[in-house]
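Here the structure is laid out as structure tokens; the discussion comes afterwards.
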Amino acid sequence: MAVVILQMSLLASVLIVTLLILRALAIHRLPKKAFLVLWGIALCRLLIPFSVPSRFSIYNLFNWLKGMFTGAGSAPAATPNPGTASYAATASAEGAVPDIVNPVFAEPSSAGLSVWAVIWLIGLAACAWFILAPHLRRRRDYKSALPVDNEIVNRWLREHTAKRTVQIRQSDKIASPLTYGIWKPVILLPKTMDWTNEQTLLYVLTHEYIHIKRLDILYKWLLAAALFLHWFNPLVWIMYIMANRDIEISCDEAVVRTYGERNKSSYALTLIELEEKKSALTPLFSNFSKNAVEERIVAIMKRKKTTVLSLLVALAFITGATFVFATSAEKPKEVGMFAKALGNEAYKYAENINKPSDEAARLVAEDYTLYIDSTIFTDHHVYAIIGAEGNLPEDLSISGKIVYAGHVQDLYGLNGTIEEIEARDGVRYFFYSAVITELQTEQNKAIDPMLALAAGDSYKRSSLRDWEGENLELTLGLDNREHILKATVANVSTNALIFYPDGDLYKGDYYSKVVLTPWEIKFSGHSDKTYASYEEWDKALNIKLTIVLSGGKKINMSYSGNRNSSEEDYPTGMSRGANMDTGDFYHWWNFRNWELDLGEVRSIILDGKTYRPVK
């Protein structure tokens, strides 16, 4: 519990500092009630032990900074098992709170409370006594207060009816007006009040009535509760003081709005007069004459009429604070053993992790069991976590390839390495990392002609995304025996820009999608024309393509009459195909011995029409 409170306190501190800065800069520019809403957001952060994850949360930034300083390639510490003493301290990594906060205080075991928890409880009790003791003592005194029988007060009561019955009483034990009670509110006036001064009485009663309508006493109780829980945080004490001030300032603003700008000077004078008779600090009452009366008077005299612009700005601050500070960092994505192997880089591929479930991914031998635990595929790379249970021989070798799933034919070879990354719970975990390297031809036997044509002399630059549904095949060499494990190529993480041309801009042949990668450009489309043969369609093609880079640089390519053309420094290979029955066609232009920096691409010009990538 103490650890959770500490985490909540640290996270709320960021918002409190931000609100204190905003208050210093805009206290006289924004509606005063806006600050109460903003303090309310901070209260939620302090009192509610959970929040909604959001990509807009500022705590995502802190997690990013932590990752930057710890190093993208560093392997994070092992995640403790639930139920252990260290688990609670690192629970933020599982999304309970953002992992920007990892307290050094370990949560106590079931044997008893930790030293830190005991200290926190002692502080909580002391703080509660400091706040509640004066409150309870004064409540006993106020029971002796007498009802007020005054014509001005009685008339005011008849004009101000509320769902909750409001009592007005007088006491000789107070020096300035105050309000107490939530369900049965009481406005308590000093017995020495000038009962003939109608203006002062109306100001006081209106001020206290606004407190009652707004449930400010409940607000103060919540502030006190936050202070009890977070007594160790000096920023929470500052927030407690400033929020109480803003409750009074907002109430003053409402009184001035009720009686008009011309009366704000007389209202300020009433504040000064009552300040001279002010009683001691009573945190859980709504005092007409609270501390920092000078700030209240300045706020009254500098008050400006609320405008649409000020309301919009206040709404923007409230909305921003809610989304940026009241939400938590997005829950770290599960990456399993890849966190050990790839460090923080693994989170980039969190959405692309596959968990093979087919039988071919698991092999049970006499002395051991081997299985592919998880895989990641990118354009050119294959990553796999391999689990091994039982008595595994010391020697272990591995080779891999990408093969057709439907029949025996190799697509790519894999040049990779394997290393053991962890052993736990009777399982040894190995990390396999490989890059596609060569097109296997099986001693020059026939291979897929479209693949060979598209790859040209630069087949290494084609992408695995075009072969989703095919198989990763790993051959493990153990003790002079070979075992084959298979997993489906799926969910490939690809580096590409996507363009969607407008088919209405074309007559005849038109394009529906263009995919640009560092190694190739592919575009598909449809033809409304009728061609007698594939050769006639191919001969009629006349395509001009320009890739526009930053700085105005351009790369020009074209295809016309069975011939492709490109600039000297940017040679391309060509593949194309069409279905004469449906009219669908595709083009695949492979970049030979050069790569394109997608970060430099601004647009493409296809047949004279400009398109920009979809973000």
Side-chain angles (χ1 to χ4, degrees), residues 55 348-352 377-380 450-451 453-455 461-470 489-531 534 537-538 540-560 564-567 570 572-592 594-615:
R55 67 177 61 183
K348 183 171 71 174
Y349 302 114
E351 302 296 337
N352 302 97
F377 299 97
T378 73
D379 287 304
H380 292 158
M450 202 59 73
L451 174 62
L453 179 61
R461 302 188 187 279
S462 296
S463 169
L464 285 177
R465 76 181 176 282
D466 299 306
W467 305 102
E468 289 199 0
E470 308 304 343
V489 177
N491 205 14
V492 177
S493 173
T494 186
N495 185 19
L497 296 178
I498 310 296
F499 305 81
Y500 291 99
D502 186 354
D504 294 337
L505 300 179
Y506 294 85
K507 294 181 180 179
D509 293 354
Y510 65 85
Y511 309 97
S512 57
K513 183 178 181 181
V514 179
V515 179
L516 180 62
T517 79
W519 315 283
E520 65 201 350
I521 184 166
K522 293 184 175 183
F523 43 98
S524 56
H526 185 81
S527 178
D528 289 333
K529 292 183 179 179
T530 302
Y531 296 96
Y534 174 87
W537 169 80
D538 191 31
L541 290 175
N542 185 17
I543 303 170
K544 293 183 179 180
L545 175 71
T546 299
I547 302 174
V548 181
L549 307 178
S550 59
K553 185 177 180 180
K554 298 180 179 180
I555 301 175
N556 296 303
M557 307 173 186
S558 64
Y559 182 85
S560 178
N564 66 295
S565 175
S566 56
E567 295 181 354
Y570 304 98
T572 58
M574 171 67 68
S575 175
R576 62 213 178 277
N579 187 319
M580 295 297 101
D581 295 328
T582 63
D584 296 329
F585 63 83
Y586 74 91
H587 293 264
W588 183 352
W589 297 0
N590 179 261
F591 306 154
R592 295 190 177 185
W594 61 280
E595 290 187 12
L596 180 65
D597 183 354
L598 296 185
E600 294 291 311
V601 176
R602 297 295 174 263
S603 62
I604 61 170
I605 303 174
L606 186 56
D607 290 345
K609 300 173 180 64
T610 300
Y611 302 102
R612 303 190 183 281
V614 177
K615 300 298 184 182

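Bear in mind that the values here come from a model prediction, so they are computed numbers and not experimental data. Residue numbers run from 1 in the order of the sequence given.
- Salt bridge absent: Lys553 and Glu567 never bring a charged side-chain N and a carboxylate O closer than 4.0 Å.
- Annotation for Tyr611 and Tyr500: closest pair CD2-O, 4.4 Å, computed over non-hydrogen atoms.
- Side-chain atoms of Leu541 and Ser560, non-hydrogen and from C-beta on, never get closer than 4.5 Å to each other.
- Between Pro501 and Phe499, the shortest heavy-atom distance links the atoms CD-O, 3.5 Å.
- Closest approach of Trp537 and Tyr531 over heavy atoms only: CD1-CE1, 3.4 Å.
- To the nearest 0.5 Å, the span separating OG1 on Thr494 from CG on Asp379 amounts to 3.5 Å.
- With sequence neighbours excluded, no residue forms a salt bridge (charged side-chain N to carboxylate O under 4.0 Å, His left out) with Lys544.
- Taking OH from Tyr349 and CG from Asn491, the interatomic distance works out to 12.5 Å, rounded to the nearest 0.5 Å.
- Atom CG of Leu464 is separated from atom CZ of Phe377 by 7.5 Å, given to the nearest 0.5 angstrom.
- Atom CD1 of Ile605 is separated from atom CG of Leu545 by 9.0 Å, given to the nearest 0.5 angstrom.
- Within the 3.5 Å criterion, the main-chain N or O of Val492 finds a donor-acceptor partner in the side chain of Glu468.
- Using a 30° and 60° split on the angle between ring planes, Phe585 and His587 fall in the perpendicular class, above 60°.
- Side-chain contact between Leu596 and Val601: present, with at least one pair of heavy atoms (C-beta onward) separated by less than 4.5 Å.
- Side-chain contact between Ile521 and Phe591 is present, with at least one heavy-atom pair separated by less than 4.5 Å.
- Arg592 is not listed as a side-chain neighbour of Trp519, based on a closest heavy-atom distance of 4.5 Å or more.
- In plain terms, the two heavy atoms of Ile543 and Asp607 that are nearest each other are CA-OD1, 3.6 Å.
- By the 4.5 Å heavy-atom criterion applied to side chains, Ile498 and Lys513 are counted as neighbours.
- Residues Arg465 and Thr378 are not in side-chain contact: their nearest non-hydrogen atoms beyond the backbone lie 4.5 Å or more apart.
- Summarising the geometry, atom OH belonging to Tyr534 is positioned 7.5 Å from atom CE belonging to Met580; distances are rounded to the nearest 0.5 Å.
- Between the OG atom in Ser493 and the NE2 atom in His380 there is a gap of 12.0 Å [rounded to 0.5 Å].
- One side chain, Tyr559 or Arg576, offers a donor N or O that lies under 3.5 Å from an acceptor on the other.
- Side-chain contact between Ser524 and Asp584 is absent, with no heavy-atom pair separated by less than 4.5 Å.
- Taking the ring centroids of Trp589 and Phe523, they lie under the 6.0 Å cut-off.
- For the residue pair Thr517 and Ala496, the shortest heavy atom distance occurs at CG2-CB, 3.9 Å.
- Contact check for Ile555 versus Thr546: no side-chain heavy atoms found under the 4.5 Å cut-off.
- Heavy atoms only, all atoms of each residue included: Asn579 and Asp581 are closest at OD1-N, 2.9 Å.
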